[in-house]
Structure formats: C-alpha cells, structure tokens
Amino acid sequence: MIFPVRTMIRLSSIFAAVCALTFASSCTIVKHDPSSAAGEALQKAASNEEFDAKAYVKTNWASRIEPELLKNAVDIRELVEALKKNQAAAEAKFGRRKDETALYNFIVKGDEVIASVDTESAAGFIELGLADTTGQGKVRVQIGPVIKSSAVRDVLSFVNFGDFVNQLDYANISREINFYVRDNIVAGLKKMDLVGKRARFVGAFAEDSTGEILITPIRIDIAK
C-alpha cells in the first residue's frame with residue numbers, strides 16, 4: 001500500500017511520539033537527594049575550596065586538641081617500661097592509630113631532667129635523662145624550629161582522614177599543628193640554658209622501628 005506524503009509525515013510524527021512515551025515509561029528519573037550518602041559526598045566535595053587548616057588548628061587548640069592530650073597522657077616512664085616488657089600489650093593499652101596498617105602513636109607526659117640539648121640542627125631537641133625502649137638512646141623532646149612527625153594529629157580522636165575531602169587537607173592539619181607548636185609552645189627554648197633543668201611536658205610520639213622516642217610537645221615548662 002502506498003500512502004500519500006502528508007499521511008506518511010503524520011504517521012512518522014505519531015510513531016515518534018509513541019517511541020518517546022515508551023522510552024520515558026521504561027526509564028527511572030533519579031533525583032539528587034542531599035540526605036543520601038552520595039549527596040553528602042557531593043556536598044562534602046563542594047565545600048573543600050574554603051578549608052583553612054591554620055584556622056582549624058587555632059580554633060580547636062584550646063578547646064579540643066590540648067584537653068584531649070592532657071586527659072589521656074600516660075607517664076613516659078610507665079610507658080617505656082610497658083613497651084619493654086610486652087610491646088603488643090602496651091600498644092593495645094596505650095597506643096592509638098588510624099587504621100590497622102599504621103604504626104601506633106602515644107600520648108605521654110613527664111617531669112624529667114634535661115641531659116643535653118641540640119641547638120645546632122634546625123630540628124632541635126632536648127634529651128631527657130631517661131633511656132628509650134632500647135636502653136641505648138635517650139628520650140627526646142622536639143624544640144624546633146623544624147618540628148617533624150604527625151603524631152599529635154594522629155592521636156586525636158576527632159581528626160580522621162575520612163573527614164576531609166582530600167589528602168592535602170588532612171596533611172595540612174599536621175603541618176599547621178607543627179607550626180603552632182613551633183610558634184606557641186617551644187619558641188625561645190633554644191635560647192635558654194636548659195641542661196640540668198627539669199622539663200615538665202605533655203605531648204605525643206610515633207612508634208619507631210628503631211625504638212627512638214621523639215616527642216612533639218603540646219605543653220612544656222622548664223623548672224630549675
């Protein structure tokens with residue numbers, strides 16, 4: 001059968017409309033739900049541009065960072081003895097880590113005599129009159145001006161990698177904590193006559209395979 005041209009055009013239009021309706025009925029329209037996990041992730045990613053690590057540390061230092069370390073610090077001598085006696089048990093009792101593959105970090109406090117001071121290197125430190133877990137090295141406390149380690153960040157219960165949209169933000173938290181320690185906690189210590197005096201401190205250190213203990217202080221006072 002041969003249809004006139006007008007009829008063919010009309011049939012084509014009808015056929016197109018039917019196809020469109022059929023296609024629409026077989027599709028599911030997905031709306032963005034901000035309460036869903038995916039929606040939360042999108043909102044989280046969108047908020048990344050304005051993250052200020054320096055402001056974050058400054059805002060949380062007195063209200064959250066310092067109080068958590070002060071509350072949970074264990075005496076350095078008790079911890080050293082516990083690690084030497086049974087490392088696994090001491091790690092389970094006193095250690096903190098973000099995941100099962102990471103090394104442990106510890107929150108410690110002490111009141112120890114300063115045996116020596118390194119003021120030559122940029123990453124300066126004081127050595128305490130206390131041996132580390134190997135019995136060979138000393139327990140050290142960083143005095144800068146270069147402060148190394150992410151131990152303070154990594155012992156905090158409220159700072160976790162998943163809370164930040166990218167790795168750089170998370171890394172910047174540690175960097176700004178170390179800057180804060182440099183500028184507000186240990187500034188000026190290198191200029192003091194420290195040997196023979198007592199250091200009262202609270203801080204954190206990361207477990208090291210060599211047994212070395214290098215503490216980042218969040219509070220330190222020097223007494224005669």
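Values below: all heavy atoms of this structure, side chains included; hydrogens, waters and symmetry mates excluded. Numbers here are sequence positions counted from 1. As the structure is a computational prediction, the values presented were derived from the model and not from experiment.
Legend: ring-ring contact (aromatic ring centres under 6.0 Å, His included) pairs involving residues 202-224, not counting sequence neighbours, sorted by first then second residue: F106-F205. Residues in residues 113-151 take part in no ring-ring contact (aromatic ring centres under 6.0 Å, His included) pair, two or more places apart or across chains. Legend: side-chain hydrogen bond (donor to acceptor under 3.5 Å, both in side chains) pairs involving residues 132-145, not counting sequence neighbours, sorted by first then second residue: E127-R140, D132-T134, Q142-T216. Counting only residues at least two apart or in different chains, side-chain hydrogen bond (donor to acceptor under 3.5 Å, both in side chains) contacts with residues 189-198 comprise D111-R198.
Remark: R219 engages E66 in a salt bridge (Lys or Arg N to Asp or Glu O under 4.0 Å) (not counting sequence neighbours). For E81, the salt bridge (Lys or Arg N to Asp or Glu O under 4.0 Å) test picks out K84, with sequence neighbours left out. In this view, F201 satisfies the ring pair (Phe, Tyr, Trp, His ring centres under 6.0 Å) rule with no residue, not counting sequence neighbours. In this structure, the side chain to side chain donor-acceptor pair (under 3.5 Å) partners of R77, at least two apart in sequence or on a different chain, are E112. Not a single salt bridge (Lys or Arg N to Asp or Glu O under 4.0 Å) links R175 to another residue, sequence neighbours left out. For the side chain to side chain contact (heavy atoms under 4.5 Å, CB included) test, residues two or more places apart in sequence or in another chain that qualify with A123 are V146, K148.
Counting all heavy atoms, side chain and backbone alike, I173 lies closest to V57 at O-CG2, 3.9 Å. E78 and V74 get closest at one heavy-atom pair: OE1-CG2, 3.6 Å. When all heavy atoms of V80 and A131 are compared, the closest pair comes out as CG1-O, 3.9 Å. For D75 against G110, the heavy-atom pair with the smallest separation is OD1-CA, 4.4 Å. A pairwise comparison of heavy atoms in S116 and V195 identifies CA-CG2, 4.1 Å as the closest pair.
When side chains are defined from C-beta on, V186 does not count as touching V141, because their heavy atoms never get closer than 4.5 Å. For the pair L214 and D208, the minimum side-chain heavy-atom distance is 4.5 Å or more. The side-chain heavy atoms of I220 and R200, taken from C-beta on, include no pair separated by under 4.5 Å.
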Donor-acceptor pairs under 3.5 angstrom involving side-chain atoms of residues 177-185: please list them, not counting sequence neighbours.
from : atom 1 : to   : atom 2 : distance (Å)
N178 : ND2    : I147 : O      : 3.3
N178 : ND2    : S149 : O      : 2.9
N184 : ND2    : Y180 : O      : 3.1

Donor-acceptor contacts under 3.5 Å from residues 88-102 side chains, at least two apart:
from : atom 1 : to   : atom 2 : distance (Å)
E91  : OE2    : Q87  : NE2    : 2.9
R96  : NH1    : E68  : OE2    : 2.8
R96  : NH1    : V155 : O      : 2.7
R96  : NH2    : N72  : OD1    : 3.4
R97  : NE     : Y104 : OH     : 3.4
R97  : NH1    : E100 : O      : 3.0
R97  : NH1    : A102 : O      : 3.1
R97  : NH2    : Y104 : OH     : 3.2
K98  : NZ     : L156 : O      : 2.6
K98  : NZ     : V159 : O      : 2.5
D99  : OD1    : T101 : N      : 2.8
D99  : OD1    : T101 : OG1    : 2.4
D99  : OD1    : A102 : N      : 3.1

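Between the side chain of N86 and the backbone N or O of L83 there is no donor-acceptor pair closer than 3.5 Å. With D169 contributing its side chain and N172 its backbone, the two residues share no donor-acceptor pair below 3.5 Å.
Under a hydrophobic clustering in which Ile, Leu, Val, Met, Phe, Trp and Tyr are joined whenever their side-chain heavy atoms come within less than 4.5 Å, directly or via other members, W61 and L70 fall into the same cluster. Note: the hydrophobic cluster containing V113 does not contain I213 (ILVMFWY, side chain heavy atoms under 4.5 Å, direct or indirect links). Following chains of ILVMFWY side-chain contacts shorter than 4.5 Å, one can reach I215 starting from M192, so the two form part of one hydrophobic cluster.
Rounding to the nearest 0.5 angstrom, the gap separating the CD1 atom in I126 from the CD1 atom in I143 is 6.5 Å. Interatomic distance, S157 OG to R64 CZ, rounded to the nearest 0.5 Å: 7.0 Å. Summarising the geometry, atom CG belonging to L194 is positioned 9.0 Å from atom OG1 belonging to T119; distances are rounded to the nearest 0.5 Å. Note that CG of D52 is 8.0 Å distant from NZ of K54, once rounded to the nearest 0.5 Å. Between the CD1 atom in I218 and the CG atom in L69 there is a gap of 5.0 Å [rounded to 0.5 Å].
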*Yes or no on side chain to side chain contact (heavy atoms under 4.5 Å, CB included) for D163 and F158, after CA distance, side-chain angles and deciding distance?*
CA-CA 9 Å; D163 297 333; F158 60 90; over 6 Å; no
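The aromatic rings of F51 and F164 lie perpendicular to each other, with more than 60° between the two planes, well past the 30° mark.
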